[in-house]
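Right, one structure below, let's go through it.
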Number of protein chains: 2
Amino acid sequence: MTKMQKEYNLSKNQQIVFDIIEKSNEPVKAYSILFNVKKKGIKAPPQVYRALEKLIKLGKIHKVESKNAFVACKSSNCEISKATAFSICEICEKVTEIANNKLSNFLNSFEDKSGMKYKKYNLEFFGLCKKCKKS
Amino acid sequence: MTKMQKEYNLSKNQQIVFDIIEKSNEPVKAYSILFNVKKKGIKAPPQVYRALEKLIKLGKIHKVESKNAFVACKSSNCEISKATAFSICEICEKVTEIANNKLSNFLNSFEDKSGMKYKKYNLEFFGLCKKCKKS
DNA sequence: TAACAGTATGTAATAATATAACATTTGAAA
DNA sequence: TTTCAAATGTTATATTATTACATACTGTTA
């Protein structure tokens, strides 16, 4: 398959911020990013928040609203994503993006009597992960 | 039907905060509450945040995470609620709690291969409400 | 009643998260 | 090479939320 969709070129700051988030195995907070990129010349909150905003628009990362933290998108190979679902363990706080067709199909086609057309959603499930259930 | 479950008695501050939220037809922010209750003797953030926390535990209000704002629970007649869904208009910002059995049944029984047991969820749909679709 | 436990309150200080505003620079396209 | 959108740098400030500690209220039970 040829490269139909040209990979968007991230700017310098966007790439720096994205790298931090992608390397982490847990959601990363904005000020934790800021702290970690001081050595790379990013010194002020707006620089981080602007990169985050752009990365979200591009679908490269998502915000986990209940945690005010950011994760790299793993489910959609970086297409622009409007539909996100996460599972969050209430003990160890592990956050995992849920990739489940039954779920996304259901939610993408959900309609209710309000007459509202839903284009986008964010779902956060809370519970106990396998490990924490045992202990 | 007799009153099986005794109505929980809200404390003074809890009642004051709840009244503000309940009377509002839109989500209310913590500092907006704080401003509005100064005349009633509530002077400091922790007083408001403590009341909010308790009201959430009781299921009397919910937090709309994407807005950092609070709404009164309308769907469950104040049972303790672990499952919340909202629709949010991207133009007029109107927030409505969704009460839809098909949706809640689906989500309450949702399981995926992760082995995680979900006890609780929060879902936020974004789109255009009827009014804003027309304009 | 006195002792207690649990819940709620009051208060000051500060931490954590996010944006406004403005000047400047960069990069790609016409 | 001008032009325009996007990105950057910087200072200041706005907004959201918590810590820490002292005190008071409420109901239970020894």
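A, B, ... follow the sequence lines: proteins, then strands. Residue 1 opens every chain.
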## Note on the structure
Rounded to whole Å, CD of Gln15(A) lies from C1' of dA7(D) at a distance of 15 Å
Let me check something: any side-chain donor-acceptor pairs from residues 33-48 of chain A under 3.5 Å, sequence neighbours excluded? List them with distances.
residue	atom	partner	partner atom	Å
Asn36(A)	ND2	Ser32(A)	O	2.7
Gln47(A)	OE1	Lys43(A)	N	2.8
Gln47(A)	OE1	Ala44(A)	N	2.9

### Task
Return the set of residues passing salt bridge (charged side-chain N to carboxylate O under 4.0 Å, His left out) with Lys67(B) (not counting sequence neighbours), or none when no residue passes.
Glu93(B)
Counterpart residues, side-chain hydrogen bond (donor to acceptor under 3.5 Å, both in side chains), relative to [X] (two or more places apart):
X: Gln15(B); value: Asp19(B)
X: Asn122(B); value: Thr84(B), Glu124(B)
X: Tyr118(B); value: Asp112(B)
X: Lys119(B); value: Glu90(A)

Between the protein and nucleotides 25-30 of chain C, which nitrogen or oxygen pairs come in under 3.5 angstrom?
none

### Message
Angle between the end axes of the helix from dT1(C)-dA30(D) to dA30(C)-dT1(D), five pairs per end, to the nearest 10 degrees?
### Response
20°
### Query
Mapping Phe70(A) and Gln47(B) onto DNA chain C by nearest heavy atom, which one lands closer to the 5' end?
Gln47(B)
#### Entry: Listed nucleotide nearest any side-chain atom of Gln14(B), set dG10(C), dT8(D), dA8(C)
dA8(C)
### Query
Which other residues end up in the same hydrophobic cluster as Val64(B), if Ile, Leu, Val, Met, Phe, Trp and Tyr are linked when side-chain heavy atoms come under 4.5 Å apart?
Val71(B), Phe86(B), Ile88(B), Val95(B), Phe126(B)
### Summary
Going by chain and number, the hydrophobic cluster around Leu128(B) (ILVMFWY, side chain to side chain under 4.5 Å) further includes Ile91(B)
Atom pairs, protein N/O to nucleotides 12-16 of chain D N/O, distance under 3.5 Å:
residue	atom	partner	partner atom	Å
dT16(D)	OP1	Lys29(B)	NZ	2.5

### Query
Counting only N and O atoms by type, is there a donor-acceptor contact under 3.5 Å from the side chain of Lys60(A) to the main-chain atoms of Gln14(A)?
no
If you look only at distance, which donor and acceptor atoms sit under 3.5 Å apart when one is on a side chain in residues 100-108 of chain B and the other is two or more places apart or in another chain?
residue	atom	partner	partner atom	Å
Asn100(B)	OD1	Lys102(B)	N	3.1
Asn100(B)	OD1	Leu103(B)	N	2.9
Ser104(B)	OG	Asn100(B)	O	3.2
Ser104(B)	OG	Asn101(B)	O	3.3
Asn105(B)	ND2	Asn101(B)	O	3.2
Asn108(B)	ND2	Ser104(B)	O	2.9

